[in-house]
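Side-chain atoms are counted along with the backbone in the values below, which use heavy atoms only and exclude waters and symmetry mates. Quick caveat: nothing in here was measured; it's all calculated off a predicted structure.
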Amino acid sequence: MSELGPAGRHIPVLLAEVARVLGPRAGEVYADATAGLGGHAAAIAPGLLPGGAVVLNDLDPGNLARAGEAVRRGGDVRVEAVHGNFADLPAALLGHDLAADLLLADLGFASSQVDDPARGLSFRSDGPLDMRLDPGGAVTAADLVRDMGERELAETLWQMGEERHARRIAAKIAERRAQTPITTTGELARVVRAAVPSTRGPQRIDPATRTFQALRIAVNDELGSLEALLRRIGEAAEDIASGTPAWLRPGARAAFITFHSLEDRPIKRAFRSLVGAGLAHAITRKPITAGDEETGLNPRARSAKLRAIRLGGPA
């Protein structure tokens, strides 16, 4: 949820910090694994001129088109659009005869997706229980809620949502769907709230939050895709060390923005391993977080963490 501010205004999270750690230079290639509405890419693109290129990747074809428009408005830079899972981005780059100098994966999702009730990503407005980031995907959240066994559903809520009331929620869902199908975001949120005891205090979150997170991650295989991309970064680092051409160039900077620990942990682990093996240099020794000014404009930036490495050892 990195790109929604007051009145729905598009605000890319940690924008200045991303530009600083990636350090774009003329003639370089920037690959945006999660283009969203193009805010980060549009800010990076001018620094690539003359002669640079931007590769935009996204599961959402509508957002991909909007990101391309945003980048092209900023100058005459080559733009390549790739519709698909970012785990396949390395192959797509090679298919365009490109290797990236800069890589960003902002693992939040765009305001256009959150705001559209038809996407089913939020319980703020009632809509179909969908949650697909790629509208052409085969499985919706309604399918999972209908078809998963109670035990499997509880495991999903625990593993992908870190929901401590997973068993209770799964039991309540199983009880309700036996009476009537759960097909909308509002229905699911009400079922979860009925299963979870209410909490009080300034840090209170809606009881349905973690259930929605878990189902969204499962529908889109977000953690599997992240692990696949991290493996490909590791393979590229090994290729660079051996002098073999790779989808990332020597000295490439790779940055990730995460919004919860399930994303941050594997990135931290992968980066630490590459640095420890002498295959990369840590640009950020600790994650960069948003300051008070940014969180005031965009409250969702509070949970954002930015980590970055440079491949090829110390600069």
Side-chain angles (χ1 to χ4, degrees), residues 1-4 11-15 17-18 21-22 31-37 39-40 57-60 63 84-90 102-111 113-114 121-122 131-134 137 141 144 155-164 166 205 209-234 253-275 280 282-290 294-295 298-309:
M1 303 181 184
S2 62
E3 302 184 84
L4 186 67
I11 304 178
V13 73
L14 296 170
L15 183 59
E17 292 83 355
V18 166
V21 301
L22 290 182
D32 197 317
T34 51
L37 297 177
H40 289 110
N57 182 93
D58 207 280
L59 279 169
D60 187 323
N63 280 351
N85 191 305
F86 59 57
D88 300 320
L89 178 58
L102 318 172
L103 171 69
L104 174 67
D106 174 359
L107 301 181
F109 42 95
S111 57
Q113 296 166 323
V114 182
L121 288 164
S122 172
M131 299 196 189
R132 292 173 296 177
L133 298 180
D134 180 352
L144 298 185
E155 289 175 350
T156 298
L157 299 184
W158 170 248
Q159 293 172 1
M160 300 186 186
E162 297 183 312
E163 173 55 73
R164 62 191 181 95
I205 65 171
T209 299
R210 294 184 184 277
T211 294
F212 271 65
Q213 172 187 303
L215 290 172
R216 190 201 76 234
I217 289 173
V219 165
N220 298 288
D221 190 24
E222 294 176 27
L223 298 182
S225 299
L226 175 59
E227 292 284 4
L229 181 59
L230 291 171
R231 282 196 303 272
R232 287 169 174 80
I233 291 173
R253 288 83 75 198
F256 285 77
I257 301 174
T258 65
F259 292 84
H260 54 76
S261 59
L262 291 172
E263 298 167 338
D264 188 56
R265 280 196 295 262
I267 294 165
K268 179 181 179 180
R269 185 169 57 247
F271 281 10
R272 181 181 293 168
S273 176
L274 289 172
V275 171
I283 299 175
T284 56
R285 297 195 178 278
K286 293 183 177 180
I288 296 173
T289 57
E294 179 171 1
T295 56
N298 183 7
R300 291 174 179 168
R302 290 193 187 102
S303 58
K305 292 182 178 180
L306 171 64
R307 295 183 186 273
I309 56 171

**OP:** Report the C-alpha distance between Phe86 and Leu107 in whole Å, list the side-chain angles of each, state the deciding distance to 0.1 Å, and finish with yes or no for side-chain contact (heavy atoms from CB on, under 4.5 Å).
**Re:** CA-CA 11 Å; Phe86 59 57; Leu107 301 181; 3.9 Å; yes
To the nearest 0.5 Å, what is the distance between [atom1] on [X] and [atom2] on [Y]?
| X | Y | atom1 | atom2 | answer |
| --- | --- | --- | --- | --- |
| Met131 | Gln213 | CE | CD | 10.5 Å |
| Leu133 | Asp221 | CG | CG | 11.5 Å |
| Leu223 | Arg265 | CG | CZ | 9.5 Å |
| Arg232 | Asp88 | CZ | CG | 6.5 Å |
| Leu121 | Leu215 | CG | CG | 11.0 Å |
| Asp58 | Asp134 | CG | CG | 9.0 Å |

Subject >> Option passing side chain to side chain contact (heavy atoms under 4.5 Å, CB included) with Lys305 (candidates Ile288, Thr258, Ile267) >> reply: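 Of the listed options, the one satisfying the test is Thr258.
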Original post:
In a check of side chain to side chain contact (heavy atoms under 4.5 Å, CB included) between His40 and each of Leu22, Asp32, Leu14, which one passes?
Top reply: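 When Leu22, Asp32, Leu14 are each tested with His40, the side chain to side chain contact (heavy atoms under 4.5 Å, CB included) holds only for Asp32.
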Original post:
Side chain of Thr34, backbone of Asp106: donor and acceptor closer than 3.5 Å?
Top reply: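 Yes.
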Original post:
With distance as the sole test, does Asn57 use its side chain to make a donor-acceptor pair with the main-chain N or O of Gly84 at under 3.5 Å?
Top reply: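 Here the side-chain-to-backbone pair exists.
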**OP:** Kindly write out the residues that satisfy side chain to side chain contact (heavy atoms under 4.5 Å, CB included) with Ala270, not counting sequence neighbours, or none if the list is empty.
**Re:**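 For Ala270, the residues satisfying side chain to side chain contact (heavy atoms under 4.5 Å, CB included) (neighbours in sequence not counted) are Leu230.
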Which heavy atom in [X] sits nearest to a heavy atom in [Y], and how many Å separate them?
| X | Y | answer |
| --- | --- | --- |
| Leu306 | Ala255 | CD1-CB, 3.9 Å |
| Thr295 | Ala290 | CG2-CB, 3.8 Å |
| Ala105 | Ala33 | CB-CB, 4.0 Å |
| Ala218 | Thr156 | CB-CG2, 4.1 Å |
| Thr284 | Arg307 | OG1-CA, 3.3 Å |
| Leu274 | Gly234 | CD2-CA, 3.9 Å |

Original post:
Would you call Ser303 and Arg300 a side-chain contact if the rule is heavy atoms closer than 4.5 Å?
Top reply: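 They are not in contact (no side-chain heavy atoms under 4.5 Å apart), so the answer is no.
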Original post:
Got Glu222 and Ser225 here, is their nearest side-chain heavy-atom distance under 4.5 Å?
Top reply: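 No. Closest side-chain heavy atoms not under 4.5 Å.
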**OP:** Evaluate side-chain contact (heavy atoms from CB on, under 4.5 Å) for Phe212 paired with Ser122, printing each intermediate quantity in order.
**Re:** CA-CA 8 Å; Phe212 271 65; Ser122 172; over 6 Å; no
Subject >> Pair Val13-Glu294, side-chain contact (heavy atoms from CB on, under 4.5 Å): steps then yes or no >> reply: CA-CA 8 Å; Val13 73; Glu294 179 171 1; 3.4 Å; yes
**OP:** Please step through side-chain contact (heavy atoms from CB on, under 4.5 Å) for the pair Leu262 and Glu162, ending with a clear verdict.
**Re:** CA-CA 9 Å; Leu262 291 172; Glu162 297 183 312; 3.9 Å; yes
